[in-house]
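To start, the structure under review is shown below, and the notes come after it.
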There are 2 protein chains.
Amino acid sequence: MAEKIADKIVTEMTPGTGVKSAARPRKEMIAETKAKLIAAARRAFAHQGYAEASMDDFTAGAGLTRGALYHHFGDKKGLLMAVIMQMDAEMSDRLAAISSRAETPWQAFVDECVAFIEMSLEPEIQRIMLLDGPAVLGDPSQWPNQSACIRTTTASLQKLIDQGTIRPVDAEATARLVNGATLSAALWIANAQDPDTVSKKAVEVFLTLVSGLLVER
Amino acid sequence: MAEKIADKIVTEMTPGTGVKSAARPRKEMIAETKAKLIAAARRAFAHQGYAEASMDDFTAGAGLTRGALYHHFGDKKGLLMAVIMQMDAEMSDRLAAISSRAETPWQAFVDECVAFIEMSLEPEIQRIMLLDGPAVLGDPSQWPNQSACIRTTTASLQKLIDQGTIRPVDAEATARLVNGATLSAALWIANAQDPDTVSKKAVEVFLTLVSGLLVER
DNA sequence: GGACTTACATACGCCGCGTATGTAAGGTAA
DNA sequence: TTACCTTACATACGCGGCGTATGTAAGTCC
């Protein structure tokens, strides 16, 4: 609302009024346009799902048209990819923050996994990152950034291996399997009629499973 | 080809020629029509993916039209559901057969999991059951048959719990997490440039993880 | 054997995607 | 500053796919 009006004012006063550089306002407006499209698509994908989200609808919601979308992102899949990269970066940041607050590497790893489950319960993440993303774009491990979340988990595991807490397994492989297990747990919890009971069970089983990684339990 | 001609002959000779019952040929032809549609859809979904598969195309491939499809399955999603139920039943049978051949319950469980990974490497299963299915129809645990595969694994785990081989965890929860891990492994292996190396790593990690379930390892 | 039901095929309209084209504004060099 | 070029969009168009309404022939039941 107010934002949109402010945009128009900025748009109309751009020529000549720049303090020193003339190249910046242009770049800024492009970035803003992209950000608007990504945000609008993100909302639409989250609420209606990728297939049901009409490009005409959500571009109009952002005060733009499909022309802008095709210009910047090539096609609908390209926009989904952009949305996913943004969300993945956010998730990675959240995981890193949680991990850094833990007192031991093992606790960091467990906290990360629990946080991943919790994030996977968020409808937006579940729908876009876990359901539509893989279906439309294929295996997440093939995405450009290669899923920053996996890398975070891999790093945590490598620390645990280096300090001898867990057995010397392949860190990336472990990260993927653990991630898969947590994802499955999240889907189950999110769709359960009694999420509390189910999530308790899931966490218990999860801890039992990862105890298999420990050198001594 | 020859099949189609045979169908026509049967169709034209149906009235009156039935040995005794007049109700059977009708039911048989309906079942055949449904089976044809499911088979054609299954091929199309597997090769092009659900979204890209045109109903006109694959119904024509089955010698039918979209009219038959809507009559029997309601809509495209209904047909996908039918395809998935068929595939899930097949997978369940295969798992049960493998499980029954094992010498110990623990071996049966491990064999099942390995078999699940291997099945998940088949492009048809990966595309339809693991990627498009959840995206289009939602969480597999909410599907009508509730994923027979999960039930098979759950049963195997319950046996292990009863005989004291593994710790007394919740069998269904364990089945879900283990299934998620194997699925993730399968996706990883299938898209790896070096599947052999990757699958070895995955199996090693998998065995390490499930060792956490054992009462004594 | 005649009325009713079922199992399809045919025909139609709508919506959504992608592309080709138009246009106005910004950037650049004289 | 001005003229030219490029860029960032909007507009217009066509096509394909989905769903539905309608038609029709065959099977079923009394």
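Lettering of chains follows the sequences in order, A, B, ..., and the numbering in each one begins at 1.
Put simply, CG on B:Leu69 is 19 Å from P on C:dT6, counting in whole angstrom units. Rounded to an integer number of Å, the gap from A:Leu64 CG to D:dA8 P is 13 Å. Summarising the geometry, the separation between NZ on A:Lys34 and P on D:dT7 is reported as 14 Å, rounded to the nearest angstrom. In this entry the distance linking NE2 of B:His71 with P of C:dA9 reads 11 Å, nearest Å. The distance from atom CD of A:Glu28 to atom C1' of D:dA8 is 16 Å, rounded to the nearest whole Å. Residue B:Met29 contributes atom CE, which lies 11 Å from atom P of C:dA7 at whole-angstrom precision.
Applying the ring-ring contact (aromatic ring centres under 6.0 Å, His included) rule to A:Phe109 yields the partners A:Trp106; only residues at least two apart in sequence or on another chain are considered.
The side chain to side chain contact (heavy atoms under 4.5 Å, CB included) test with A:Thr197 is passed by exactly one of A:Lys200, A:Gln193, A:Lys201: A:Lys201.
A distance-only check finds a donor-acceptor pair linking the side chain of B:Thr208 to the backbone of B:Glu204 [under 3.5 Å]. Without hydrogens or angle criteria, A:Glu112 side chain to A:Ser156 main chain gives no donor-acceptor distance under 3.5 Å. Proximity of a side-chain donor or acceptor of B:Ser120 to a complementary backbone N or O of B:Phe116 within less than 3.5 Å is detected.
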List the steps, then state whether side-chain contact (heavy atoms from CB on, under 4.5 Å) holds for A:Met119 with A:Met129. CA-CA 11 Å; A:Met119 290 196 296; A:Met129 300 289 292; over 6 Å; no
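Taking the six-membered ring where the residue is Trp, B:Phe58 and B:Phe45 present perpendicular rings, their angle passing 60° and hence far from 30°.
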Base, backbone or nothing for each nucleotide of nucleotides 11-24 of chain D, written B, S, -, heavy atoms under 4.0 angstrom, 5' to 3'? BB----SBBB----
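Atom-to-atom distance recorded for A:Leu177:CG and A:Asn179:CG is 9.5 Å, nearest 0.5 angstrom.
The terminal axes of the helix from C:dG1-D:dC30 to C:dA30-D:dT1, fitted over 5 pairs per end, subtend an angle of 10° to the nearest 10°.
When the side-chain nitrogen and oxygen atoms of A:His72 are compared with OP1 and OP2 of D:dC9, one or more of them lie within a distance under 4.0 Å.
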